[in-house]
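Residue numbering restarts at 1 for every chain, and letters A, B, ... go by the order of the sequence lines.
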There are 2 protein chains.
Amino acid sequence: MRPNKRDELIRKSLEIFYRDGFHATGMDKLVKETGISKTSMYKHFRTKEDLILAVLRLRDENFRNWFYRRVEELAEAPPARLLAMFDALDEWFRSDGFRGCMFIKASAEYQDRGDPIHVQSAEHKRLLLDYATRLATEAGATEPASLARQLMLLKEGAIVIAAMTGNLDAAEDAKRAAATLLLAQLPA
Amino acid sequence: MRPNKRDELIRKSLEIFYRDGFHATGMDKLVKETGISKTSMYKHFRTKEDLILAVLRLRDENFRNWFYRRVEELAEAPPARLLAMFDALDEWFRSDGFRGCMFIKASAEYQDRGDPIHVQSAEHKRLLLDYATRLATEAGATEPASLARQLMLLKEGAIVIAAMTGNLDAAEDAKRAAATLLLAQLPA
DNA sequence: GACTAAACTGACAGATCGGTACAGTTTTGC
DNA sequence: GCAAAACTGTACCGATCTGTCAGTTTAGTC
């Protein structure tokens with residue numbers, strides 16, 4: 001089983017699911033738009049759900065890799081990196097094809113907290129919270145976990161507002177709020 | 001055309017759409033669960049979309065009425081009311097059947113910003129931002145619009161995190177962050 | 001009790017849903 | 001050059017999708 005076609009299917013499906021949603025994307029549409037036959041799809045994935053889970057795994061990997069790298073390029077010291085998260089967010093909002101957070105959308109369509117798709121989406125958020133907590137610890141926050149959770153609230157809020165209202169300056173607002181929080185919760 | 005049945009249809013449909021999602025709820029399920037015939041439904045609403053729009057109108061009315069009332073019960077002075085928003089949020093998260101924000105979910109399923117469902121969902125967020133801006137102005141904030149936007153980011157973030165991860169303490173985190181912002185951005 | 005209008009039932013379109021079966025073609029490794 | 005693996009297109013399954021239609025029951029009013 002050569003991984004080429006399989007990876008290509010996941011990559012292309014990601015774009016389509018991200019653009020059109022999960023329930024709104026049928027397997028026949030995937031056949032048409034990816035050019036991959038339905039037989040092949042069902043040889044690689046037993047169900048549509050399995051395909052979606054693979055898509056979410058790729059998305060998680062791509063997004064976190066990009067985000068971590070970008071944050072570390074934009075700033076050196078941990079406190080500055082906490083702020084740089086919102087600069088990276090800003091770049092994402094203004095990039096072509098921005099359509100909000102795929103995991104928020106996935107968990108909105110598969111609401112049951114026992115649903116594998118929901119579980120995996122929540123896991124993505126947990127990993128990003130862990131990252132922020134690590135940064136907050138390195139930055140010397142008195143309560144790093146609490147600070148990280150607060151910053152993540154700003155991040156999620158900015159994503160939702162940017163996607164819903166089209167206000168791409170949401171990251172800027174979030175950054176200003178984050179700066180205020182850092183000023184109050186980091187030792188001078 | 002007695003409005004009873006129509007209102008009953010909207011009310012019951014709201015619960016089902018909120019619980020199961022929009023695409024995942026077919027008209028046949030609505031027939032089964034509401035006990036109202038399909039013919040009657042299509043006499044009141046030309047399409048499923050029209051029904052969804054009516055549901056969202058009711059949800060907007062109910063939610064904003066409840067939220068405003070609760071905030072005003074919980075605190076008297078405008079600065080305290082800005083904080084009380086997060087106490088109301090906390091009550092909502094812990095209430096039975098909490099399933100996140102219906103408008104975030106609606107805009108996640110109907111992503112095109114031209115889609116009437118998306119437009120109406122965004123309008124709900126705009127109205128709540130207006131309310132927060134009014135409170136921030138009354139509280140004497142130097143930049144009421146900016147402060148209100150920041151507080152709304154915390155609110156949306158808390159809703160998303162509570163719904164996705166089941167962490168119901170999200171409102172508490174948001175309140176702590178909000179308190180920090182108020183301390184910095186309101187005149188002593 | 002007759003008349004009217006609303007709300008009902010149930011069957012039925014036509015399309016699409018996720019998923020399968022089958023027969024034939026291309027690609028791959030050796 | 002040959003066999004195995006991976007692919008393709010097409011036709012199909014039963015279920016479900018939104019929406020329609022003819023015919024019947026229900027309810028209120030004179």
Expected rows: protein N/O vs nucleotides 12-18 of chain D N/O, under 3.5 Å:
| from | atom 1 | to | atom 2 | distance (Å) |
| --- | --- | --- | --- | --- |
| D:dT18 | OP1 | B:Lys48 | NZ | 2.5 |
| D:dT18 | OP2 | B:Met27 | N | 2.7 |

Might you list the N or O atoms of the protein lying below 3.5 Å from N or O atoms in nucleotides 22-24 of chain C, with each pair's distance?
none

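Using bins of under 30°, 30° to 60° and over 60° for the plane-to-plane angle, the ring pair A:Phe22/A:Tyr110 lands in the perpendicular bin.
One finds no side-chain N or O of B:Ser37 lying less than 4.0 angstrom from the OP1 or OP2 phosphate oxygen of C:dG10.
Taking atom CD of A:Glu49 as the reference point, atom C1' of C:dC17 lies 16 Å away to the nearest angstrom. Atom P of nucleotide D:dT8 and atom CD1 of A:Ile36 are separated by 7 Å, given to the nearest angstrom. The CE atom of A:Met41 sits 12 Å away from the P atom of C:dG19 (whole-angstrom rounding). The nearest whole Å value for the distance from the NE2 atom in A:His44 to the P atom in D:dA5 is 14 Å. Protein atom CG of A:Leu9 is 14 Å distant from nucleotide atom C1' of D:dA6, rounded to whole Å. Between A:Asp7 atom CG and D:dA6 atom P there is a gap of 14 Å when expressed in whole angstrom units. Distance, A:Asp20 CG to C:dC17 P: 11 Å, rounded to whole Å.
Figure legend: cation-pi geometry between B:Lys48 and B:Tyr42 absent, as NZ or CZ is not positioned both under 6.0 Å from the six-membered ring centre and within 45° of its axis.
When each of B:Tyr131, B:Phe67, B:Phe103 is tested with B:His124 by the rule ring pair (Phe, Tyr, Trp, His ring centres under 6.0 Å), just one qualifies, namely B:Phe103.
If you take OG1 on B:Thr34 and CD1 on B:Ile16, they are separated by 6.0 Å, rounding to the nearest 0.5 Å. Taking CZ of B:Arg59 as the start and OG of B:Ser13 as the end, the distance is 14.0 Å to the nearest 0.5 Å.
Between the side chains of A:Ser95 and A:Glu91, no donor-acceptor pair is found at a separation under 3.5 Å.
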message: side chain to side chain donor-acceptor pair (under 3.5 Å), that's the test. Do B:Gln150 and B:Ser146 meet it? Break it down for me.
response: CA-CA 6 Å; B:Gln150 294 175 39; B:Ser146 172; 3.1 Å; yes
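Checked against the 6.0 Å centroid threshold, A:Trp92 and A:Phe63 count as a close aromatic pair.
A:Gly35 comes within 4.0 angstrom of the backbone, heavy atoms only, and of no base.
Within a 6.0 Å radius of NZ in A:Lys29, more than 12 heavy atoms belonging to other residues, nucleotides or ligands are found.
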